[in-house]
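For reference, the structure discussed in these notes is given below.
Worth knowing before you read on, the calculation uses all heavy atoms, side chains too, and leaves out hydrogens, waters and symmetry mates. In what follows, chains are A, B, ... by sequence order, proteins preceding strands, each numbered from 1.
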Amino acid sequence: MNKFVLIDGNSIAYRAFFALPLLNTDKGVYTNAVYGFTTMLLKVLEEQQPTHLAVAFDAGKTTFRHETFKEYKGKREKTPPELAEQLPVMRDLLKAFRIDSIELDQYEADDIIGTLSTQVAEDEEWEVHIYTGDKDLLQLVNDHVTVHLTKKGITNVDTYQPKQVDERYGLTPAQIIDLKGLMGDSSDNIPGVPGVGEKTALKLLNQFHSLEGVYEHLEEVSGKKLKEKLQDNEQEARMSKQLATIYREVPLTLKPADLARGEVDEQAVKQLFKELEFQSLLSKFGGDVEEKVAMENLTITVLSNDAPLLDKHLHSPSALYIEMLEENYHVGEITGVAIANAAGIFYMSADYALKNDHFKAWAEDDQTVIYTFDAKRTVVALGWKGIQLNGITFDVQMASYLIDPSAGSHEIADITSRKDGKQVQTDEAVYGKGKKQQLPEENELAQHLGRKAAAILDLQESLKKELEDNHQWQLFEDLEMPLSVILGRMEAHGIAVNQSELENMGEDLTKRLDELEKKIHEAAGETFNINSPKQLGVILFDKLKLPVIKKTKTGYSTSADVLEKLKGEHEVIDHILFYRQLGKLNSTYIEGLLKVIHPVTGKIHTIFNQAVTQTGRLSSTEPNLQNIPIRLEEGRKIRKAFIPSQEGASLFAADYSQIELRVLAHISKDENLIQAFKDGMDIHTKTASDVFGVSTDEVTSTMRRTAKAVNFGIVYGISDYGLSQNLGISRKEARTFIDRYFESYPGVKKYMEDVVEEAREKGYVTTMLQRRRYLPDLTSRNFNQRSFAERTAMNTPIQGSAADIIKKAMVDMSRAMKEAELSSVMLLQVHDELIFEVPEDEIKTMEKLVKEIMESTVELNVPLLAEMEHGKTWYDAK
DNA sequence: GGAGCGTGCAA
DNA sequence: TATTGCACGCTCC
């Protein structure tokens with residue numbers, strides 16, 4: 001007896017790609033489809049023990065079906081590149097398994113499978129098993145041919161013999177094509193008969209047996225509308241049936257008997273698994289391939305009024321997971337709560353948990369040790385519901401971020417799949433995305449949340465160990481975890497705004513924008529959308545024939561630096577620049593800020609993301625309060641709308657002076673730079689005097705401006721091209737400046753060389769407080785990628801150490817304010833500055849305290865300098 | 001309705 | 001072809 005397995009390669013790869021998160025290796029190679037395909041392949045090998053085996057692939061874009069219908073598969077989106085690049089890897093893997101991949105120009109995988117299965121379908125000696133996600137293949141089923149259709153996920157399949165086809169559809173396998181002919185298939189763009197779906201089609205086939213039968217007995221069809229639709233679309237229906245029919249005479253050179261399984265090339269397979277970072281598969285393959293990769297069975301207990309939450313459920317430590325569908329936890333609703341601990345895994349509806357006194361008492365007890373995923377989200381969301389969560393000691397998301405900030409979304413499912421822990425579905429798989437996002441029924445939700453909580457509990461230990469191995473435990477425990485509490489309080493407190501001030505500015509801007517719009521349209525001689533770079537480009541460069549300075553990949557560039565160069569060429573340019581400036585203020589800042597004023601508090605509550613940036617900085621969203629305008633007076637006025645929430649208080653801003661260059665001096669140990677800061681010099685003037693070879697009092701403002709740009713360039717990982725662009729000078733001149741800089745600051749030059757070299761050896765760079773960033777591209781053959789990685793290696797320790805320092809200052813400051821029992825509140829952090837609101841009688845205290853703490857939070861070999869201002873609005877704190 | 005692009009704001 | 005971010009409006013699908 002021969003057992004012949006045929007796999008529909010493209011179909012399974014598609015399934016796997018969309019079912020799994022977009023995994024990738026350290027080198028950025030995507031692997032999710034390969035991974036899913038491989039797990040399925042291993043399962044099939046184990047379960048079926050086939051004697052013969054082949055995987056069929058679709059060949060090119062066109063097939064013989066396009067001759068019948070050129071729109072065939074016309075609406076289908078083209079294969080995502082992240083998937084396309086995985087298909088060749090799948091073939092390499094199959095080669096290592098010594099399994100034949102078959103594809104043939106003009107034919108689809110379906111047809112190849114149909115041909116091979118038909119060749120042995122009547123032979124008692126053969127048994128065929130087909131694996132696919134495509135229902136069309138059901139037409140091949142007979143007593144010797146079984147089709148296994150993937151269900152949700154990849155490794156779960158439904159098995160179809162003629163009996164199951166009959167049970168499911170009430171049809172014989174041969175009638176599947178009649179079904180397709182009538183109902184069509186939108187994913188392949190097969191039209192069928194519009195308005196006829198599965199139900200109607202099945203009814204018709206039940207009565208008339210085939211599509212031809214339907215048309216022979218058209219008069220007997222009940223329903224006037226239906227009859228008309230069938231009549232009008234006869235040609236489409238017949239063509240659709242033809243398209244859905246699998247062609248079984250593909251001219252293949254290989255016969256089934258040629259496809260006997262070869263011996264697996266274990267070396268090659270292991271090598272590939274290693275490259276693809278399939279740790280779990282690798283270990284399994286080393287031992288035996290028998291272990292199942294299916295999700296573990298977890299028992300999740302649903303607690304409710306009928307099965308109440310009791311003390312016995314509430315152990316310490318516990319993992320606590322609070323689910324909300326909205327990204328924004330200040331306004332989002334909690335949709336479910338899950339707890340995992342030594343007593344088991346428990347799910348509660350939000351309604352039940354939030355009203356439960358046991359739960360509240362347990363959560364608020366600081367003796368309860370709690371592990372979370374996104375501690376700040378959990379604390380703040382519960383805080384809005386009147387529950388003050390206290391005892392969080394471990395945040396899985398934070399740990400994952402510190403271990404590898406590039407690892408991606410830091411969703412629980414991503415971390416578990418990387419760390420090979422409890423298996424969790426992605427949120428997208430459970431909830432859908434975008435507008436279609438919705439909660440599943442309660443059991444499924446309980447499963448999903450329970451798994452998340454279980455995964456948190458499960459991951460805690462191994463992540464902790466990894467942090468310790470990386471010498472990052474202190475960073476985690478003493479800096480980031482306490483900071484998340486502080487940030488949560490800052491967010492929840494919010495910052496007060498003067499809404500009518502914003503509204504007035506908005507009215508004024510709108511009026512001025514209307515006038516500018518008129519002027520611009522007049523100058524152009526026609527009306528058009530000024531906000532459309534495309535339309536603006538046509539006006540400026542086609543109609544007005546202004547010189548093209550720069551192009552983007554989609555057309556003319558109309559960016560501000562281009563328009564600056566066109567000033568004087570045409571009066572309209574000034575108007576456009578001004579229109580852009582005011583338009584930005586109105587849409588992003590006035591309208592944007594008004595939109596996010598909290599309906600309950602009337603204040604603005606940003607979210608500081610503590611696990612996004614690659615360098616350790618924070619980011620701020622909804623709204624971003626880290627990019628409120630300051631450089632131009634017109635924009636700076638926005639800051640007048642930010643006010644203290646306490647009567648009589650002031651806004652108080654404290655910023656580090658030149659923190660990144662001071663950090664550079666410290667890390668590089670450059671003597672000249674260190675001395676400059678010790679002497680309290682104006683650093684840009686000092687740089688100018690060194691670079692231009694003049695004394696400091698001979699430095700002109702242009703020289704200082706140039707030197708400032710050079711200093712920026714140094715911090716960013718300098719390139720002559722970048723500097724030349726920034727200063728509008730030639731690359732050669734820029735090169736000279738850089739060379740002169742490095743002559744003056746040889747320690748900096750040495751640091752830049754050393755940091756790149758060390759990163760290449762170790763694979764990563766670190767900051768002063770042991771933050772890490774991996775830079776695999778340092779060994780890339782691609783010049784651009786490699787150069788970028790080199791600049792990153794130079795910049796990250798500087799930017800990241802500066803981030804470490806201000807974060808530490810925030811923790812110290814928060815502690816000091818509490819000890820001094822001040823009513824002042826920390827409101828915002830903007831990378832190198834902290835904003836507080838301070839009651840009048842605490843101004844003097846704070847001026848002393850903030851300066852003291854910011855300047856002494858770490859000790860460098862140069863002084864740290866903090867400067868502060870205060871005023872009645874943020875605008876006045878200058 | 002969502003993705004990608006061009007643009008522009010901050011440190 | 002200078003570092004890190006976020007958000008807007010437009011266009012295209």
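- A donor-acceptor pair under 3.5 Å is absent between the side-chain atoms of A/D720 and the main chain of A/R735, judged by distance alone.
- Judged purely by distance below 3.5 Å, without hydrogens or angles, the side chains of A/Q626 and A/S620 never pair a donor atom with an acceptor atom.
- Using a 4.0 Å heavy-atom distance criterion, A/I630 is classed as a sugar-phosphate-only contact.
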Q.
Within the 4.0 Å limit for protein heavy atoms, which parts of nucleotides 6-12 of chain C are touched? Write it as a string from 5' to 3', B for base, S for sugar-phosphate only, - for none.
A. SSSSSSS
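- Nearest nucleotide to the A/R773 side chain, out of B/dG6, B/dG1, C/dT4: C/dT4.
- Taking the P atom of each, C/dT1 and B/dC5 are spaced 15 Å apart, rounded to whole Å.
- Going from atom CD1 of A/I659 over to atom P of C/dT4 covers 18 Å, rounded to whole Å.
- Within a 6.0 Å sphere centred on NZ of A/K749, other residues, nucleotides and ligands contribute 12 heavy atoms or fewer.
- Salt bridge annotation for A/R636-A/E633: absent, with no cationic side-chain nitrogen under 4.0 angstrom from a carboxylate oxygen.
- Judged by atom type and distance alone, A/Q614 does not reach the base of C/dT4 through any side-chain donor-acceptor pair under 3.5 Å.
- Atoms CZ (A/F608) and P (B/dA10) sit 17 Å apart, rounded to a whole Å.
- Within 4.0 Å of A/N726, counting heavy atoms only, lies at least one base atom of the nucleic acid.
- Counting to the nearest Å, the P atom of C/dT3 and the CD atom of A/Q626 are 19 Å from each other.
- Across all strands shown, A/A802 has no heavy atoms under 4.0 Å from either base or sugar-phosphate atoms.
- Ranking C/dG5, C/dT1, B/dA11 by closeness to the A/R631 side chain, first place goes to B/dA11.
- Interface remark: the A/R617 side chain does form a donor-acceptor pair with the B/dA11 base, using a distance-only criterion of under 3.5 Å.
- Residue-level contact check: A/I628 touches the backbone only, with heavy atoms under 4.0 Å from sugar-phosphate atoms and none from bases.
- Of the candidate nucleotides B/dA3, B/dG6, C/dT4, B/dA3 has the atom nearest to the side chain of A/K433.
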